[in-house]
Chemist: 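Structure incoming, see below.
The sequence lines fix the lettering, A, B, ..., with proteins before strands; numbering per chain opens at 1. Note that the structure is predicted; figures quoted are calculated from it, not measured. Note: hydrogens, waters and symmetry copies are ignored here, and every other heavy atom, side chains too, is used.
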2 protein chains.
Amino acid sequence: MAGNTSVPGATVVARTIALLAAFDEEHPRLTLTELSQRADLPLTTTHRLVNELTKAGALTRTSSGYVVGQRLWQLGTLAPVQTDLRRLASPFLHDFYAGTLATVHLGVRDKLKVLYLDRVSGQRSVPVVSDIGSHLPLHATGVGKVLLAHAPEAVRREAMKSLDRITPYTITQPAQLKAQLDRVLTDGYATTYEEMSIGGCSVAVPIWQDETVVAALGVVVPSLKRDKVRLVSGLRVAAHGIGRSLSSRRSGTR
Amino acid sequence: MAGNTSVPGATVVARTIALLAAFDEEHPRLTLTELSQRADLPLTTTHRLVNELTKAGALTRTSSGYVVGQRLWQLGTLAPVQTDLRRLASPFLHDFYAGTLATVHLGVRDKLKVLYLDRVSGQRSVPVVSDIGSHLPLHATGVGKVLLAHAPEAVRREAMKSLDRITPYTITQPAQLKAQLDRVLTDGYATTYEEMSIGGCSVAVPIWQDETVVAALGVVVPSLKRDKVRLVSGLRVAAHGIGRSLSSRRSGTR
DNA sequence: GGTAGGCTTCCGCTGAGTGGAAGGAAGCCG
DNA sequence: CGGCTTCCTTCCACTCAGCGGAAGCCTACC
């Protein structure tokens, strides 16, 4: 489109995506200059594109920078993760929370991370890092271990390459993690013991839709000593219910 | 960018937005051809743009068409309506629901519609049309009336021009609606009586953040005869709590 | 095996997009 | 109060990214 492009070959769509990708959990609000730096685009170009996105409602300008606009939020509500999984799972999460008062999570695998789709927690629950829409490592969360255990072999291998230590109890030995993942497949649930945050343990089970694990359901509690069996069976009931709801809705999804 | 453009003056960003805007509640899944028709773009152009969006994760291709991708959903979670309003309001909605078992709604005004940000409902609740992310008319919903009453005069005038009839009880006379909106300002709450759906009445109150109405909170019940006073005071407590949470968080928002 | 519907590839033309430079605007500091 | 910094906006000439018609491809259905 333009003659004097600094990086020929880059398309407008790619630049636009780069701008949007500049927003993340740590940077939900960015100034024009920050956007231009994070997207690695000249200020002028950023200005033009951002203006247009703002006019369209994709971004909103505030006194302290640009934020993601309502229009994009609304588009997000049309994504299958929201319309199918999250909407159907929500009542099950709430029922489970009501029975245990422990923080409940719904997550899917997004490449080599867990993407948290929903969370129900209260005042008394163990404080947790995860928020809706946030990404956490696969190897240090209950939900993550379940998803990784059921992931294709290539993904498992790739994930093993970067087992970052988060707490002293995080599993960083590939062999140890592999053994755990194999047990997840046979046992049907995964656990963590202070591997993501001190004082927080978790159990998680897979959610099946027609032979495939599409998501995982987990709880975070201070300790697993007493309640593990009870939690696992409760999670299984909920996960089974979610899976059935999923299958009975539109089936021609993939 | 291109010499032989059918509609000169249209930018790539505008075309891309048009493509994304082709998705809505009734059309969360579209084929390439449908996208090209709904966005009013040549098939070839659509193909190129959609391919790029898919590569970037903004859209996902399924066997039966394209859907909004995880990447866009995640971006949406960074919007202030989600991070601020919805996240802070969620516990209040749940508390209120637990106490009344009536469907609770959180909404903001988006131009001349209500945009529903959250909804908590159960099995026994009155069935309602609204879903998270959906748009409903301002004049036929409790939440909408509150938001319209507190909207700028220009918006009120504009909204008065199209008072579509939805049920036999929908208010379609501008004068009658105006009188109601004035009462909303003095009373501090709005009501509807089967104006949106038969068998459903609603009450709603504004949520204030520093002198400004930023959202509205409402319930839907089968009848208002008995419980109106109790519901209004409960809603006010919740709305006040949400408003205070909002003010105490980041203040440099606008 | 015909044909209809949807998707993909090809390719020459050109104006939309580019980004440096210069010009505000707003805030801070000595 | 004038200079300095930071951030945003406007201007403009150059040119290649984007455009879209045409043709080809692949299922699926009759």
Chemist: Measuring to OP1 and OP2 of C/dT8, would you say a side-chain N or O of B/H47 lies under 4.0 angstrom away?
Modeler: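 Checking B/H47 against C/dT8: at least one side-chain N or O falls below 4.0 Å of OP1 or OP2.
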Chemist: What pairs with A/D24 under side-chain hydrogen bond (donor to acceptor under 3.5 Å, both in side chains), at least two apart in sequence or on another chain?
Modeler: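 side-chain hydrogen bond (donor to acceptor under 3.5 Å, both in side chains) list for A/D24, sorted by chain: A/H27, A/R38.
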Chemist: Which residues pass the side-chain contact (heavy atoms from CB on, under 4.5 Å) test with A/F92, sequence neighbours left out?
Modeler: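 Scan of A/F92 (side-chain contact (heavy atoms from CB on, under 4.5 Å), adjacent residues dropped) gives A/A238, A/I242, A/S245.
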Chemist: Scan residues 30-39 of chain A against DNA chain C and write down, sorted by residue number, each residue with any heavy atom closer than 4.0 Å; if none is found, say none.
Modeler: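 Within residues 30-39 of chain A, no residue comes under 4.0 Å of DNA chain C.
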Chemist: Is there a side-chain polar atom (N or O) of B/R61 under 4.0 Å from OP1 or OP2 of C/dT8?
Modeler: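 For C/dT8, OP1/OP2 do have a side-chain N/O of B/R61 under 4.0 Å.
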Chemist: Summarise how protein sits on nucleotides 20-30 of chain D as a single string, 5' to 3': B when a protein heavy atom is under 4.0 Å from the base, S for sugar-phosphate-only contact, - for no contact.
Modeler: BBB--------
Chemist: Just how far, in rounded Å, is P of C/dG17 from CG of A/L53?
Modeler: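 Checked: the CG to P distance equals 12 Å.
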Chemist: For A/N51 and D/dT9, what is the distance between atoms CG and C1' respectively, to the nearest whole Å?
Modeler: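 Roughly 9 Å, once rounded to whole Å.
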Chemist: Got a sec, which residues hit side-chain hydrogen bond (donor to acceptor under 3.5 Å, both in side chains) with A/E52, two or more places apart in sequence or on another chain?
Modeler: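 Once residues adjacent in sequence are excluded, the partners of A/E52 under the side-chain hydrogen bond (donor to acceptor under 3.5 Å, both in side chains) criterion are B/T11.
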Chemist: Who are the ring pair (Phe, Tyr, Trp, His ring centres under 6.0 Å) partners of A/Y116, not counting sequence neighbours?
Modeler: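 Counting only residues at least two positions away or on another chain, A/Y116 forms a ring pair (Phe, Tyr, Trp, His ring centres under 6.0 Å) with A/H105.
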Chemist: Find the distance B/L43:CG to C/dT9:P and express it as a whole number of Å.
Modeler: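 Checked: the CG to P distance equals 13 Å.
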Chemist: Hey, which sits more toward the 5' end of DNA chain D by its nearest nucleotide, A/G65 or A/V13?
Modeler: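 Here A/G65 is the residue nearer the 5' end.
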Chemist: Which heavy atom in A/A190 sits nearest to a heavy atom in A/V146, and how many Å separate them?
Modeler: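 Nearest heavy atoms, A/A190 then A/V146: CB-CG2, 3.6 Å.
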Chemist: Suppose we screen for side-chain contact (heavy atoms from CB on, under 4.5 Å). Which residues come up paired with B/S36, at least two apart in sequence or across chains?
Modeler: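 side-chain contact (heavy atoms from CB on, under 4.5 Å) list for B/S36, sorted by chain: B/L43, B/T46.
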Chemist: Do any side-chain atoms of residues 133-145 of chain A form donor-acceptor pairs under 3.5 angstrom with protein atoms, and if so which ones, sequence neighbours left out?
Modeler:
residue, atom, partner, partner atom, Å
A/S134, OG, A/D131, N, 3.0
A/S134, OG, A/D131, O, 2.7
A/H135, ND1, B/Q74, NE2, 3.4
A/H135, NE2, A/D110, OD2, 2.9
A/H139, NE2, A/D164, N, 3.4
A/H139, NE2, A/D164, O, 2.7
A/T141, OG1, A/P137, O, 3.2
A/T141, OG1, A/G144, N, 3.0
A/K145, NZ, A/Q180, OE1, 2.7
A/K145, NZ, A/T191, O, 2.8
A/K145, NZ, A/E195, OE1, 2.7
A/K145, NZ, A/E195, OE2, 3.4

Chemist: For DNA chain D, produce a single dot-bracket line, 5' to 3'. Pairs: Watson-Crick or G-U wobble, both distances under 3.5 Å. Symbols: ( ) within strand, [ ] crossing, | other strand, . unpaired.
Modeler: ||||||||||||||||||||||||||||||
Chemist: Please tabulate, one pair per line, all N/O donor-acceptor pairs under 3.5 Å involving side-chain atoms of residues 147-158 of chain A, not counting sequence neighbours.
Modeler:
residue, atom, partner, partner atom, Å
A/R156, NH1, A/A149, O, 3.4
A/R156, NH2, A/D182, OD1, 3.2
A/E158, OE1, A/K161, NZ, 3.2

Chemist: How long is the line joining CZ of B/R29 and P of C/dG6, in whole Å?
Modeler: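 In whole Å, C/dG6 P lies 17 Å from B/R29 CZ.
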Chemist: May I have the distance from B/D40 (atom CG) to D/dC19 (atom C1'), rounded to whole angstrom?
Modeler: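 About 15 Å, once rounded to whole Å.
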Chemist: Which distance, rounded to the nearest 0.5 Å, do you find between the CZ of B/R119 and the CD1 of B/I132?
Modeler: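 Here the rounded value is 7.0 Å.
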Chemist: Without decimals, in angstroms, what is the distance between A/L19 CG and C/dG19 P?
Modeler: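 Value for this atom pair: 12 Å.
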Chemist: I need the CG-P distance between A/L59 and D/dC8, as an integer number of Å.
Modeler: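 That distance rounds to 13 Å.
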Chemist: Not counting sequence neighbours, which residues clear side-chain contact (heavy atoms from CB on, under 4.5 Å) with B/A215? List them please.
Modeler: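 B/A215: side-chain contact (heavy atoms from CB on, under 4.5 Å) contacts with B/L85, B/L106, B/V108, B/I207.
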Chemist: Listed by chain and number, what are the side-chain contact (heavy atoms from CB on, under 4.5 Å) partners of B/H240, not counting sequence neighbours?
Modeler: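 Here the qualifying residues are B/R244.
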